[in-house]
Amino acid sequence: MSYTTLLTTLENGILIIVINRPDKLNALNKDVFIDLNTVLDEIEKNAEIKSVIITGAGPKAFVAGADISEFNALSKQEAMALAKRGQDTFARIENSSKPIVGAVNGFALGGGCELAMSCHFRVASENAKFGQPEVNLGLIPGYGGTQRLVQLIGKGKAMELLMSAHMIDAAEAKQLGLVNYVTTPETLLEHTKKILDIINSKAPLAVAGCIKGVNAVFDETKDGYALEVEEFGNTFATEDMKEGTAAFLEKRKANFRGK
Ligand code: COA
């Protein structure tokens, strides 16, 4: 599969997606959203893809935001459609049954911070910078930033960052729980791949059940405890559950097949 704005490589079951507009600090324009939706279709369909890393091209930026050059002439209705498209795309990332991790290699601002937050978790390099600078432009986040930032770092700090446009560095992002690990720029991808190698060795349907359960916490339309009961039950109807429990009892390594 080839894309206009993305580079992709599949290694050991891990699909690495690089947002590739380095001369514009990987800003998210219309074409990036088209490509992201196409790659999300591919992730769902392709059984060789077990998990995914999203990162940015070049040494400077993960994604420096939505492409501001597409904003200027928009009407209110068009702006709402743009926000909805962004939210729908990021909801697909968040609800992917396969783990998607953000490897944040530089500026993650505005839509870039929102993209990173839609991933299941994040690893950052030391030079990463996070922020929602929309108020500098006279607007607010439109791709879920006012919601997910609160979920990840709490109301008070989210309010401050959103209202002040203040940028935080990787160390502060880790302290706030926005990222799980901080690495050197050189080791960012290796470190992220190591985490995914571990996750990829687990039962894929059980991993997908964990994603569903955790996401239900933040979905008012769902009863997370009831969903957990159902997902727990579902795992008992899988071959992998029989294999995992048998392997434990036989003191051998389980061989999961995602069935
Ligand atoms: N949309 C469109 N273009 C962007 C962009 C964005 N969000 N962010 C950066 N670019 C472009 C710049 O216009 C510039 O293009 P040019 O070389 O054709 O002029 C190029 O990327 C490099 O950016 P530049 O601003 O020269 O780099 P810098 O190192 O001086 O500053 C930032 C880096 C991230 C601080 C600065 O680019 C910035 O503030 N970007 C916008 C961040 C933002 O407000 N995001 C939220 C959008 S809703």
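This one's a predicted model, so the numbers in the text were calculated from it and none came from an experiment. Indexing begins at 1, ligand by ligand and atom by atom, following the structure's order. The figures here come from the full heavy-atom set of this structure, side chains too, leaving out hydrogens, waters and symmetry mates.
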Check whether any protein heavy atom sits under 4.0 Å from atom 30 (O) of ligand 1. no

Hey, is G111 one of the residues with a heavy atom under 4.0 angstrom from ligand 1? no

Do me a favour and list the nearest non-hydrogen protein atom to atom 8 (N) of ligand 1 with residue, atom name and distance? A64 CB, 3.6 Å

Between F62 and F130, is the ring centroid distance below 6.0 Å? no

Flag yes if more than 12 heavy atoms outside D197 fall under 6.0 Å of its CG atom; otherwise flag no. yes

Residue and atom name of the nearest protein heavy atom (relative to atom 16 (P) of ligand 1), distance in Å to one decimal: K24 NZ, 3.6 Å

Would you confirm whether T89, through its side chain, and R85, through its main-chain N or O, come within 3.5 Å as a donor-acceptor pair? yes

F107 heavy atoms within 4.0 Å reach ligand 1 at atoms 33 (C), 34 (C)

Between K129 and E172, is the closest basic N to carboxylate O distance under 4.0 Å? no

Is D23 in contact with ligand 1, taking contact as a heavy-atom separation below 4.0 Å? yes

Counting only non-hydrogen atoms of the protein, does one fall under 4.0 Å from atom 37 (O) of ligand 1? yes

Electrostatic pair E243-R252, nearest N-O below 4.0 angstrom: yes

Non-hydrogen protein atom less than 4.0 angstrom from atom 43 (C) of ligand 1: yes

Given the protein's heavy atoms, is any one of them under 4.0 Å from atom 13 (O) of ligand 1? no

May I ask you to decide if P59's main-chain N or O and N127's side chain share a donor-acceptor pair within less than 3.5 Å? yes

Between K202 and D240, is the salt bridge (charged side-chain N to carboxylate O under 4.0 Å, His left out) condition met? List the steps. CA-CA 9 Å; K202 312 303 175 193; D240 280 350; over 6 Å; no

At under 4.0 Å between heavy atoms, which part of A27 makes contact with ligand 1: side chain, backbone, both or neither? side chain

Main chain of A57, side chain of N26: is a donor-acceptor contact present, judged purely on distance under 3.5 Å? yes

Which residue owns the protein heavy atom closest to atom 39 (O) of ligand 1, what's the atom, and how far is it? L109 CD1, 4.8 Å

Element-labelled atoms of ligand 1 that are located less than 4.0 Å from some non-hydrogen atom of D67: 1 (N), 2 (C)

For the pair D88 and K84, evaluate salt bridge (charged side-chain N to carboxylate O under 4.0 Å, His left out) and give the outcome as yes or no after the intermediate values. CA-CA 6 Å; D88 289 349; K84 183 77 171 64; 2.9 Å; yes

What residue and heavy atom of the protein are closest to atom 7 (N) of ligand 1, and at what distance? A66 O, 2.9 Å

As a quick check of understanding, evaluate side chain to side chain donor-acceptor pair (under 3.5 Å) for D31 and T4, giving each step before the final call. CA-CA 7 Å; D31 293 337; T4 329; 5.7 Å; no

Atoms of ligand 1 close to P133 [distance to a heavy atom under 4.0 angstrom, numbered from 1]: 43 (C), 44 (O), 45 (N), 46 (C)

Are any non-hydrogen protein atoms located under 4.0 Å from atom 24 (P) of ligand 1? no

Establish whether atom 33 (C) of ligand 1 and some protein heavy atom are separated by less than 4.0 angstrom. yes

Please state which option from N26, I68, V63, L25 has its nearest heavy atom closest to atom 1 (N) of ligand 1. I68

Spell out, as yes or no, whether a donor-acceptor pair under 3.5 Å connects the side chain of N105 to the backbone of A61. yes

Does ligand 1 have any atom sitting under 4.0 Å from a heavy atom of K60? yes

